[in-house]
Amino acid sequence: MKIGVFGLGIIGTAWADNLVADGHEVFRWNRTPKNNPGFTASAPDAAAKAEMLFIVVSDPAAVQSVLDQILPVLKSGQIVIQSSTISPEASRSFAAQVQKTGAAFLEAPFTGSKPAAEARKTVYFIGGDMDVLERARPVLAGLSSHIEHIGTVGSASALKLAMNVNIALVSEALCESLALARAAGISDEKYFAVLKLNSSHSKMADLKQGKLQTKDYTPQFSLKHMAKDLRLALGSVDALNLPQTRGLVKLYEQGLASGWGDDDFIALMRLIDDARHSHP
């Protein structure tokens, strides 16, 4: 197929590379020019050529900025797959804009950071019409380990935000638990060995163990994007009391203020390390 990928961050680049490897003709576009094979300077040109269009950018405003450029050239027969993490309200608005052109729309937020994207182990949450999903499934299947249809447009975005709240809270618990063990003189090796025997052991611990042990904060998923997702989650459920999430947002704000926005979100461990070093 002819496929457009709009957004060449960590995930978009990995998907585009895998799509090329699968034999698709891929048109790549980014809001700021990237030294990326197949880069197309014009978003409308890329959109006009593509049968399927992936949008994977940072937030609702970024999605709208992409749509503003490509809506005039969208037409019946095309499928727009919106994979950015956004609010349910924004997702429904974008679906209406796309469908007005005659093109089809799927919301397809996902779980899985850089390693999963590169290894084709992304898990897609799908919101939208099942017929459209079946048209897109062969391409999505090549990028993923699982495709879960959630319901109508908006439902998948809501579930994605719920998943990221869980991930952020679990990772913060991991950091604080590890810090407590370290302060007692327990080695990281012993801590993680015992954690594997504990009922609280998680895939998050396995994913972040090496980064925490070596203080490697290169991004698999950036702190700034997780902070954005937590804010979106709180903004979409004003009637709910989510005290731990609200408190965690404050820690993310400290991380952003410290200049760690482009680092992996596990870099919040520095807040604990820095405090300990300041108050031995």
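All values derive from a computational prediction rather than experimental measurement. The first residue of the sequence shown is numbered 1, and numbering continues consecutively from there.
- Contact check on K250 versus E253 returns no salt bridge, with no Lys/Arg side-chain nitrogen under 4.0 Å from an Asp/Glu carboxylate oxygen.
- Rounded to the nearest 0.5 Å, atoms CG (D262) and OH (Y217) are 16.0 Å apart.
- For the pair R231 and D59, the salt-bridge criterion is not met [side-chain N within less than 4.0 Å of a carboxylate O].
- Among Q213, Q209, R182, the one residue that satisfies the side-chain hydrogen bond (donor to acceptor under 3.5 Å, both in side chains) test with D188 is R182.
- With contacts defined as side-chain heavy-atom distances shorter than 4.5 Å, the pair I147/L133 qualifies.
- Of the charged side-chain nitrogens involved, none lies within less than 4.0 Å of a carboxylate oxygen, so that K160 and D229 do not count as a salt-bridged pair.
- Pairing each heavy atom of V153 with each of A95, the nearest pair is CG1-CB, 4.0 Å.
- Distance check, rounded to the nearest 0.5 Å: OG of S177 to CG of L195 gives 6.5 Å.
- Atoms CD and NE2, from E51 and H24 in turn, are 9.5 Å apart once rounded to the nearest 0.5 Å.
- Side chains of L161 and N164 form no contact here, defined as non-hydrogen atoms less than 4.5 Å apart.
- Although no hydrogens or angles enter the test, the distance criterion places a donor-acceptor pair under 3.5 Å between the side chain of T13 and the main chain of L8.
- Here the rule is ring-ring contact (aromatic ring centres under 6.0 Å, His included) with F110, and of F125, W15, F54 only W15 fits it.
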Could you walk me through whether V249 and L234 pass the side-chain contact (heavy atoms from CB on, under 4.5 Å) test, one step at a time?
-> CA-CA 9 Å; V249 166; L234 291 176; 3.6 Å; yes
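- Taking both residues in full, the closest heavy atoms of Q69 and A43 are given as OE1-CB, 3.8 Å, listed atom of the first, atom of the second, then distance.
- For S157 (side chain) and G154 (main-chain N/O), no donor-acceptor pair under 3.5 Å exists by modelled atom type.
- Between S258 and Q254, the side chains place no donor N or O within less than 3.5 Å of an acceptor N or O (distance only, hydrogens not considered).
- Cluster annotation: I79 is connected to M1 through the hydrophobic network of ILVMFWY side chains, with a link wherever side-chain heavy atoms come within less than 4.5 Å.
- Cation-pi check for K2 over F27 is not met; the charged atom does not lie both under 6.0 angstrom from the ring centroid and within 45 degrees of its normal.
- Taken from CD1 in I55 to CD1 in I81, the straight-line distance is 10.0 Å, to the nearest 0.5 Å.
- Inspection of the N198 and S200 side chains reveals an N or O donor paired with an N or O acceptor under 3.5 Å.
- Cluster annotation: V5 is connected to Y124 through the hydrophobic network of ILVMFWY side chains, with a link wherever side-chain heavy atoms come within less than 4.5 Å.
- Between the side chain of R120 and the backbone N or O of S144, no donor-acceptor pair lies under 3.5 Å.
- Hydrophobic clustering places F221 together with L268 (ILVMFWY residues linked when any side-chain heavy atoms are closer than 4.5 Å, directly or through intermediates).
- Applying the salt bridge (charged side-chain N to carboxylate O under 4.0 Å, His left out) rule to D45 yields no partners; only residues at least two apart in sequence or on another chain are considered.
- Side-chain contact between W260 and F265 is absent, with no heavy atoms from C-beta onward closer than 4.5 Å.
- For the pair V165 and T245, the tightest heavy-atom approach, listed with the atom from each and the gap, is CG1-OG1, 3.4 Å.
- No side-chain N or O of E172 forms a donor-acceptor pair with one of Q244 less than 3.5 Å apart.
- Here L212 contributes atom CG and D273 contributes atom CG; the two are 9.0 Å apart, rounded to the nearest 0.5 Å.
- Between the K75 side chain and the A48 main chain, a donor and an acceptor come within less than 3.5 Å of each other.
- Of the possible donor and acceptor atoms, one in the side chain of S171 sits under 3.5 Å from a partner among the backbone N and O of A168.
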Output side-chain donor-acceptor pairs under 3.5 Å for residues 111-118, partner residues at least two apart or in another chain, one line each.
none

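- Put simply, the side chain of N18 never gets that close to the backbone of L143: no donor and acceptor are under 3.5 Å apart.
- A donor-acceptor pair is defined here as one N or O able to donate and one able to accept, closer than 3.5 Å; no such pair exists between the side chain of K49 and the backbone of V26.
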Between V98 and L67, is a side-chain contact (heavy atoms from CB on, under 4.5 Å) present by the stated rule, with each step listed?
-> CA-CA 8 Å; V98 168; L67 289 179; 3.9 Å; yes
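- Counting only distance, with no hydrogens or angles, the side chain of D264 and the backbone of I266 share a donor-acceptor pair below 3.5 Å.
- When every heavy atom of S91 is checked against every heavy atom of E107, the shortest pair comes out as OG-OE1, 2.7 Å.
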Audit row: T101, V80, side-chain contact (heavy atoms from CB on, under 4.5 Å) steps and yes/no = CA-CA 11 Å; T101 70; V80 174; over 6 Å; no
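- One N or O on the side chain of S65 and one on the backbone of A62 form a donor-acceptor pair closer than 3.5 Å.
- Under the 4.5 Å side-chain heavy-atom criterion for ILVMFWY residues, no single connected hydrophobic cluster contains both V132 and F105.
- Residues M52 and A136 share a closest heavy-atom pair of CE-CA, 3.8 Å.
- Connection of I272 to Y191 is established within a shared hydrophobic cluster, with ILVMFWY side chains joined at heavy-atom distances below 4.5 Å, either directly or through further cluster members.
- No side-chain donor from either of S76 and Q78 sits under 3.5 Å from a side-chain acceptor of the other.
- Considering every non-hydrogen atom in both L74 and A103, the closest pair reads CB-CB, 4.3 Å.
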Go through the steps to decide whether Q82 and I86 satisfy the test side-chain contact (heavy atoms from CB on, under 4.5 Å), and finish with yes or no.
-> CA-CA 9 Å; Q82 200 303 109; I86 58 175; 3.3 Å; yes
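- Side chain of H201 to main chain of F192: no donor-acceptor pair is present (N/O by atom type, distance under 3.5 Å, no hydrogens or angles).
- Atom CD1 of residue I3 and atom CD of residue E25 lie 10.0 Å apart, to the nearest 0.5 angstrom.
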Could you walk me through whether D216 and T218 pass the side chain to side chain donor-acceptor pair (under 3.5 Å) check?
-> CA-CA 6 Å; D216 169 20; T218 55; 2.8 Å; yes
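- K211 and Q220 share no donor-acceptor pair across their side chains, judged by distance under 3.5 Å alone.
- The pair R270-D263 meets the salt-bridge criterion, with a side-chain N (NZ, NE, NH1 or NH2) lying under 4.0 Å from an Asp/Glu carboxylate O.
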